Amino acid sequence: MTTITLNLIDYDGTARTFSARIGRSLMKASLDGGVDGVAADCGGCLTCATCHVVVAPEWLAKLPPRSADEEAMLDMAAHPREPGSRLSCQIQLTPELDGLVARVAPTQY
Ligand code: FES
C-alpha cells in the first residue's frame with residue numbers, strides 16, 4: 001500500500017475524500033487534495049498553528065501523541081482547541097490512518 005484514503009471536511013462543511021501518499025504530512029496531503037481552510041503559513045515548521053484540524057474521536061488513538069511544541073502552538077491557535085485538535089503538519093500518514101476522518105478548524109486566523 002502506497003496510498004491511503006483521507007476523509008476531510010473543509011472549514012465550510014464540504015466533505016472531501018481523496019488519496020494521499022504514505023509518509024506525507026496530513027497538512028501537505030490536505031493541500032494536495034484541495035481541502036479549503038488549511039493555511040499552513042509556516043510550511044510545516046511548527047511556528048504558525050494555521051494547519052489546525054480536529055480529528056474524529058475514533059481516530060485519536062492511532063495518532064502519535066502531541067509533542068510539547070505542538071501543545072504550545074495549539075494554545076495559540078485562532079480556533080480554541082478541542083479534544084481532537086492537532087496541527088496537521090505534525091501528523092505523518094501511515095497505513096494505520098487509512099480512512100482517517102478529520103475536519104478543518106473553522107478559522108486559522
Ligand atoms: Fe505551521 Fe503546521 S503549518 S504549524
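One-based numbering along the sequence shown. Please read these numbers as outputs of a predicted model, since none were measured by experiment.
The stretch residues 7-33 participates, sequence neighbours left out, in no ring pair (Phe, Tyr, Trp, His ring centres under 6.0 Å) pair at all. Pairs of residues two or more places apart, or lying in two chains, that qualify as side-chain hydrogen bond (donor to acceptor under 3.5 Å, both in side chains) and include a residue from residues 98-107 are Glu82-Arg103. Sorted by first and then second residue, the ring pair (Phe, Tyr, Trp, His ring centres under 6.0 Å) pairs involving residues 83-109 (not counting sequence neighbours) form an empty list.
With sequence neighbours excluded, the residues satisfying side chain to side chain donor-acceptor pair (under 3.5 Å) with Thr94 are Glu96. Qualifying side-chain contact (heavy atoms from CB on, under 4.5 Å) partners for Pro95, counting only residues two or more places apart in sequence or in other chains: Met1, Ile22. Not counting sequence neighbours, the partners of Arg21 by the side-chain contact (heavy atoms from CB on, under 4.5 Å) test are Thr3, Arg24.
In this structure, the side chains of Cys89 and Leu26 stay at 4.5 Å or more apart for every pair of heavy atoms. The shortest distance between side-chain heavy atoms of Ile91 and Leu97 falls below 4.5 Å. With contacts defined as side-chain heavy-atom distances shorter than 4.5 Å, the pair Val104/Ile9 does not qualify. Using a 4.5 Å cut-off on side-chain heavy atoms (C-beta onward), Thr5 and Leu100 make no contact.
To the nearest 0.5 Å, the span separating CD on Gln90 from OG on Ser25 amounts to 8.5 Å. Separation of atoms CG (Asp10) and OG (Ser30) is listed at 9.0 Å; rounding is to 0.5 Å. Between the CG atom in Leu93 and the CD1 atom in Ile4 there is a gap of 4.5 Å [rounded to 0.5 Å].
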With a cut-off of 3.5 Å and sequence neighbours excluded, list every side-chain donor-acceptor pair involving residues 47-63.
residue : atom : partner : partner atom : Å
Thr50   : OG1  : Ala40   : N            : 3.1
Thr50   : OG1  : Asp41   : N            : 2.9
His52   : NE2  : Ser85   : OG           : 2.8

Using a 3.5 Å cut-off and no angle test, enumerate the donor-acceptor pairs between side-chain atoms of residues 68-76 and protein atoms at least two apart in sequence or in another chain.
residue : atom : partner : partner atom : Å
Glu70   : OE1  : Arg86   : NH2          : 3.1
Glu70   : OE2  : Arg86   : NE           : 2.9
Glu70   : OE2  : Leu87   : N            : 2.9
Glu71   : OE1  : Arg81   : NH1          : 3.4
Glu71   : OE1  : Arg81   : NH2          : 2.5
Asp75   : OD1  : Arg81   : NH1          : 2.7

